[in-house]
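In what follows, a single structure is set out as structure tokens and then discussed.
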Amino acid sequence: MMEFENADRIRQYLNQYELEDVFPHSLRQHLVLFKFGPDEALCRQGETQEWIFVLVSGKVKVYTTSSEGNTLLVNFNSPLGVIGEIECISGLDTLNTVTAVTEVEAIGIHKRWLHLYREEVTFLQFLLHLVSHKFHSKSISLSFNLLYPVEVRLASYLLSVTSPEEAKISIANLKDIASLIGTSYRHLNRVILKFCNMHLLDRARGTLIVRDRAGLEAAAGQNIYEHGERRK
């Protein structure tokens with residue numbers, strides 16, 4: 001994690017996402033720009049969260065870990081995802097772990113400033129809208145997504161962690177991927193083989209290569225980890 005007090009770049013992001021009216025001028029002086037590398041954590045489950053992060057560039061993965069050590073994927077977030085607002089407002093420990101999938105830039109607001117701006121209506125409305133949307137999307141992700149076949153879950157996961165420019169992912173820890181999408185290692189291998197036979201994927205030397213992205217999109221119907229309910 002790298003921290004920058006880059007007022008010009010923050011101002012560019014506020015303009016890009018039309019957030020000038022959300023953050024009052026007096027609050028803007030306390031905004032900090034953070035950069036995270038791939039696999040770097042923005043927050044960890046069970047820890048105290050000090051910052052609210054407004055995701056302005058890149059993609060993050062949100063997952064939860066059980067007391068037995070099993071992980072389950074909740075969703076992926078892209079701009080304008082917000083991280084840590086529930087914990088900073090409520091004072092509760094962090095609910096989920098959030099790690100960067102790509103390089104990420106986020107505008108940070110330390111929780112010490114929240115009480116000073118609790119009367120700012122536009123800022124509070126912004127936070128309320130985000131909290132409401134987050135609870136709705138997480139209720140879908142944790143309860144509804146596991147009802148989908150593993151084919152849909154795997155296709156959605158692969159669409160989220162690859163791009164047309166970078167179509168390869170490592171499968172050195174295939175058991176971790178199986179745990180994230182809520183299936184067994186054996187079943188995941190069967191679905192990967194099925195996708196390879198359908199010429200959607202190639203598997204070679206510990207990597208999966210997306211061969212037919214449009215085919216994966218058809219298999220997913222819609223990416224359930226990023227867009228909620230799936231198309232019929």
Is there side-chain contact between Val62 and Thr97, with heavy atoms separated by less than 4.5 Å?
no
Between Leu33 and Tyr17, is there shared hydrophobic-cluster membership here, with clusters defined by ILVMFWY side-chain heavy atoms closer than 4.5 Å?
yes
When rounded to the nearest 0.5 angstrom, what distance separates CG in Leu73 from CG in Asp176?
12.5 Å
Does either side chain, that of Glu226 or that of Ser160, offer a donor lying less than 3.5 Å from an acceptor on the other one?
yes
Enclosure of Arg213 CZ (heavy-atom neighbours >12, cutoff 6.0 Å):
yes
Has the side chain of Arg203 got a donor or acceptor atom that lies under 3.5 Å from a matching backbone atom of Ile192?
no
Show your working on side-chain contact (heavy atoms from CB on, under 4.5 Å) between Ile52 and Ile83 and close with a plain yes or no.
CA-CA 6 Å; Ile52 295 176; Ile83 300 152; over 6 Å; no
Should the pair Trp113 and His30 be assigned to parallel (<30°), tilted (30 to 60°) or perpendicular (>60°) ring geometry?
parallel
Rounded to the nearest 0.5 Å, what separates atom CD1 in Ile209 from atom CG in Leu201?
9.5 Å
Between Glu103 and Phe36, is there a donor-acceptor pair closer than 3.5 Å when you use the side chain of the first and the backbone of the second?
no
Between Val32 and Ile109, is there a side-chain heavy-atom distance shorter than 4.5 Å?
no
Kindly check if the number of other-residue, nucleotide or ligand heavy atoms within 6.0 Å of NZ (Lys194) is above 12?
no
Check for a donor-acceptor pair, side chain of Ser66 on one end and backbone N or O of Asn70 on the other, with a separation under 3.5 Å.
yes
Keeping Gln29 on the side-chain end and Ser26 on the backbone end, is there a donor-acceptor pair under 3.5 Å?
yes
Would you say Asn197 has more than 12 foreign heavy atoms packed within less than 6.0 Å of its CG?
yes
How about Tyr225 and Tyr63: are their ring centroids closer than 6.0 Å?
no
Any side-chain heavy atom of Ile86 within less than 4.5 Å of one from Leu92?
no
Could you check whether any side-chain N or O of Arg28 sits under 3.5 Å from a backbone N or O of Phe23, counting only pairs where one atom can act as donor and the other as acceptor?
yes
The reported gap from SG in Cys43 to CZ in Phe53 (rounded to nearest 0.5 angstrom) is 7.5 Å
Thr48/Thr94 under side-chain contact (heavy atoms from CB on, under 4.5 Å): CA gap, chis, key distance, verdict:
CA-CA 6 Å; Thr48 300; Thr94 304; over 6 Å; no
Do any N or O atoms from the side chain of Arg153 and from the backbone of Ile181 form a donor-acceptor pair under 3.5 angstrom?
yes
Contact between Ile107 and Leu14 at the side-chain level, heavy atoms closer than 4.5 Å - yes or no?
yes
Honestly curious: do Met198 and Tyr157 fall in one hydrophobic cluster under the side-chain, below-4.5 Å linking rule?
yes
Would you indicate whether the side-chain heavy atoms of Thr64 and Gln45 approach each other to under 4.5 Å?
yes
Does any non-hydrogen side-chain atom of Thr99 lie less than 4.5 Å from one of Val60?
no
Rounded to the nearest 0.5 Å, how far apart are OG of Ser156 and CG of Asn75?
12.0 Å
Quick check on Glu20: does its CD atom have over 12 non-hydrogen neighbours (other residues, nucleotides or ligands) under 6.0 Å away?
yes
If I take atom CD from residue Glu87 and atom CG from residue Asn96, how far apart are they, to the nearest 0.5 angstrom?
7.5 Å
Between Leu154 and Leu158, is the side-chain contact (heavy atoms from CB on, under 4.5 Å) condition met? List the steps.
CA-CA 6 Å; Leu154 177 60; Leu158 292 173; 3.9 Å; yes
Just how far is it from atom CG of Leu159 to atom CD of Gln222, taken to the nearest 0.5 Å?
11.0 Å
Looking at side-chain heavy atoms only, is the closest gap between Ser179 and Tyr185 below 4.5 Å?
no
Please step through side chain to side chain donor-acceptor pair (under 3.5 Å) for the pair Ser170 and Thr207, ending with a clear verdict.
CA-CA 4 Å; Ser170 171; Thr207 62; over 6 Å; no
Hey, are the side chains of Val104 and Ser57 touching, using non-hydrogen atoms and a 4.5 Å cut-off?
no
